[in-house]
Amino acid sequence: MRDISRSGFRDHPSAEMLFVVSAIKRGVSLYSYQEEFFLRTMSLEDCIAHAASIGALGIEVIPEQSMTGHPHIPDDQIAQWRAWMEQYGTTTSATDLFLDTKRHRDRWLSHEEQVASVRSDIDLAVRLGAPVIRAIINTPPEVMRDAAPYARDNGVRLLLEVHAPFHYSHPWILEHLEVMHAEGGVGLGLMPDMGTFVERFPRVVSDRALREGGRKDLVDYIVDLYDDHGDTHALMDIVHYRGGGPVEMGLARQATHFIYRDPAEMLPHMDLIGHVQAKFYEMVDDTTEYSIPYDRIIPVFEQGGFSGYLSSEYEGNRHIEDAFEVDSREEVRRQHAMFATLLGEKPSTDSKA
Amino acid sequence: MRDISRSGFRDHPSAEMLFVVSAIKRGVSLYSYQEEFFLRTMSLEDCIAHAASIGALGIEVIPEQSMTGHPHIPDDQIAQWRAWMEQYGTTTSATDLFLDTKRHRDRWLSHEEQVASVRSDIDLAVRLGAPVIRAIINTPPEVMRDAAPYARDNGVRLLLEVHAPFHYSHPWILEHLEVMHAEGGVGLGLMPDMGTFVERFPRVVSDRALREGGRKDLVDYIVDLYDDHGDTHALMDIVHYRGGGPVEMGLARQATHFIYRDPAEMLPHMDLIGHVQAKFYEMVDDTTEYSIPYDRIIPVFEQGGFSGYLSSEYEGNRHIEDAFEVDSREEVRRQHAMFATLLGEKPSTDSKA
Amino acid sequence: MYDKHILIEDSLHSSDGDRTHASVEVRMPYYRGLGLSMVEGVDLVVDGRPIPADATTFTVRGTTYPITGLAEVLDDRWEMGEPARIDFDAATPLGPGEHTVTAVVRLRISYMPVPGGGRDTKTLTLA
Amino acid sequence: MYDKHILIEDSLHSSDGDRTHASVEVRMPYYRGLGLSMVEGVDLVVDGRPIPADATTFTVRGTTYPITGLAEVLDDRWEMGEPARIDFDAATPLGPGEHTVTAVVRLRISYMPVPGGGRDTKTLTLA
Ligand SMILES: [Mn+2]
Ligand SMILES: [Mn+2]
């Protein structure tokens, strides 16, 4: 049940209805459980079961992470995966491909080899039952173009992950958009990573710099400048001018890789958007991500008529792992509590509403 | 005589007058002759004489370049300098200070030491008869603030060089502006470097990358993206995704350090502007710098009522030195031919007028 | 990422009687598996002494490769979280008890312009 | 900048009879002079053999400093375009005729976040 009073969904065609259930679906990328999966404290089945238990029924998988033998993953692993999907009532929402252009020490992968690599990952997506594939940001537009027919023939769609610091008017993305429009948007599309909407500097990142001995004044300076959405172009220079060392310079470098753009910039591209990576750094509670304003992002997807998956990507693990126990399950659970509220699945738990 | 038909000086209070002579003065920073001075093919006197010969009567000097023994430059060198100014009818337009915060290998210069360094350079400016001093971009705002009284007491003004990639709405400059406004703009001010108005990618830079074996397609990509004023934020990433090596990555890095801003952004700050570093990369002929649109920059200074020096800073030397003989005199001469035309000193030599 | 999990506790073993051959187990500090040709090296420092790369081998799932030959291996992988055994020759016999071991894993990650990998130092007890 | 002008032509001289001591002149690749405490080093490679820093001295205007001691020199400068003489001990006597010399000048420039300086390689004839 959506609480209209705080949703701000005025432009949505169904805004007048009180008990609308969103067309947007919830899912999890198993990237989110990487800490526990690496340490073997969660099995692959545990990851799937956890997602299912919180109603996140679309499972995004990085085959090179969750399975072995890529790209020739044995049939028994594929069969097991499909059996789990059946058993837990889940579905493969997406697979993530990498493009190892530096596979050979002494030469770059040729264009033909790059296209072949993508085709191989298309085969794998088909075996796993995924309708869309995350194409990593370093995939060149011409490789997307030449892999598109094979994707179409196999009934899947290659979606370029729009990852910070790229955005929808960046030259690299503009080149990709040109290729996608020429292709017709059948075999190609976009997979926005919500890391392009980092409105507040993630405190898990600045807190770590402080733990590593970073100067409080410079850490504050970097965070404040970022939060004011100031020009980070020469931030490393400034921190250097103020006598910053490796920790402070490293934090400044990270600040130049975060970006905040208006989520509405996605609207003109909504037809190309087939899946969303719901990046997050820290769930403060069941309603709020510290950095990324999902309460203003989700209305944009509603307005655009998006009906794919919001797929959790928990990224805080690596920023707290030095000092804290990572609890990926709790972080993912909280994000989905927030999603359920924002999508109108249940009443808001926000007492301030 | 100004050719009104092409000057576009409509907003200038004297635009109706046909034979107005601009209040803006011409000068040269001896930085421009660095190649010949380094190689001892021009003496210090030769540099001054050349500037005077082309009517550039304001001489900006980097004491650490043109003289020896900084900061305790011997009296005889100072006396000789003043004698040359007299002899050639020139004047010391500015001195340039550096702030060696890393003077000690194992520690940063303290705030007090930084202020003392600036005060010492103020003393030197007074000895050389300079009314303004270039404060290098890494000078912190609080050092400017605490050195300002000494500048005022000595009748000189410390001008922060606004150097690319900084600009007038950049956080670092905003902090400086706050200090300048609090100080009243008597002892402090700005020295814009025209390198913030690089509209076209300098071909001397891209040509060198080609000489060093850079891939033509990537060099063209970088130049075109820059010339379209596309977002250079992740340009190095793109060049990397396309298989660029050290030469192409180096060119991409340089592209992120060039910026083009609207020259009109200087207008609100005109009262603070005491001197202008007229950076240039390549004079195509007597009328045109390849990258920087002086024909649209000078009207902004006219409109703002600027009456200080346009001080040549030839920067092309280091980009052609590998393959060509540097002829600093000819480059400076051409820039001043252009200035004379744009300032209305003589009829336009532009046949397309 | 995963830096503190590279060296596996209790994994330091000597593999012969005179204790000049030993092994330690390491995990790759990365969130997916990688083809071995993209593993640029696993450098060990034992009690302050760097172990030369050519005195080191790399073993996954029973197959052993010289560390210096990994660049040529296009048909095998180091999987996510998978322990690899690094066998090495110590210049002098390793005594029983505690040893300070540093492992530096160097990776070639295609989407990163800078080298990938990580570093871990632990005090391990020779079993 | 100025990289190709670092090593001065015709400046390689041997300073003793057995040709194990020699000197070469270098200029600083920078557009202003600099206090010597900011000269991090002048590294020489002669005929492919690196000369150890502690076998090298630095001389300007008649005053000689050990290269390894420049960081402490707060009252002298290397001026713009000024030749400095680098004296060094060669491990083996330098024969008459041509030698390949590389000079790497390393500078600490306060406004730059990365190391400054430059590198030059020339074939110089021992006088
Ligand atoms: Mn992502
Ligand atoms: Mn300048």
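A note on names: the letters A, B, ... follow the listed sequences, proteins ahead of strands, and every chain is numbered from 1.
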Query raised in the report: Tell me, side chain or backbone of A:Leu99 under 4.5 Å from chain C's heavy atoms, or both, or neither?
Result: backbone
Report summary line: Greatest number of non-hydrogen atom pairs under 4.5 angstrom with chain A, of C:Gly81, C:Ser110, C:Ala71, C:Gly35, falls to C:Ser110
Report task. For C:Arg108 and A:Lys102, indicate whether the former's side chain and the latter's backbone hold a donor-acceptor pair under 3.5 Å. Result -> yes
Requested in this report: State whether the number of non-hydrogen atoms from other residues, nucleotides or ligands found under 6.0 Å of A:Arg253 atom CZ is greater than 12.
Outcome: no
Query - Basic-acidic side-chain contact under 4.0 Å: A:Asp100, C:Arg77 - result: no
Report summary line: Closest non-hydrogen contact found for C:Lys4 with A:Glu321 is NZ-O, 2.9 Å
**Report entry** side-chain contact (heavy atoms from CB on, under 4.5 Å) between A:Arg318 and C:Tyr2, worked out
**Finding:** CA-CA 7 Å; A:Arg318 67 186 55 169; C:Tyr2 301 119; over 6 Å; no
Requested in this report: Please check if the side chain of C:Ser37 supplies one atom and the backbone of A:His104 the other of a donor-acceptor pair under 3.5 Å.
Outcome: no
Report task. Please look at C:Leu74 and chain A and tell me whether the side chain, the backbone, both or neither of the residue comes under 4.5 angstrom of a heavy atom of that chain. Result -> both
Query raised in the report: Which answer fits A:Asp106, side chain, backbone, both or neither, if we ask what part of it has an atom under 4.5 Å from a heavy atom of chain C?
Result: neither
Query raised in the report: Does A:Arg105 CZ have over 12 foreign heavy atoms under 6.0 Å away?
Result: no
Query - A:His275: ring pair (Phe, Tyr, Trp, His ring centres under 6.0 Å) partners, not counting sequence neighbours - result: none
For residues 69-77 of chain A, which side-chain donor-acceptor pairs fall under 3.5 Å, sequence neighbours excluded?
from	atom 1	to	atom 2	distance (Å)
A:His70	NE2	A:Asp121	OD1	3.4
A:Asp75	OD1	A:Arg127	NH2	2.7
A:Gln77	OE1	A:Thr68	N	3.1
A:Gln77	NE2	A:Thr68	OG1	2.7

Report summary line: Per-residue tally against chain A (heavy atom, under 4.5 Å) across C:Glu72, C:Met80, C:His5, C:Met1 peaks at C:Met80
Query raised in the report: Would you say A:Glu330 has more than 12 foreign heavy atoms packed within less than 6.0 Å of its CD?
Result: yes
Report task. Can you establish whether the number of heavy atoms outside A:Arg145 located under 6.0 Å from its atom CZ is more than 12? Result -> yes
Report task. Would you verify whether the NZ or CZ of C:Arg27 falls within 45 degrees of the ring axis of A:Phe38 while also being under 6.0 Å from that six-membered ring's centre? Result -> no
Query raised in the report: Quick one: CD on A:Glu64 to CD on C:Glu79, what's the gap to the nearest 0.5 Å?
Result: 8.5 Å
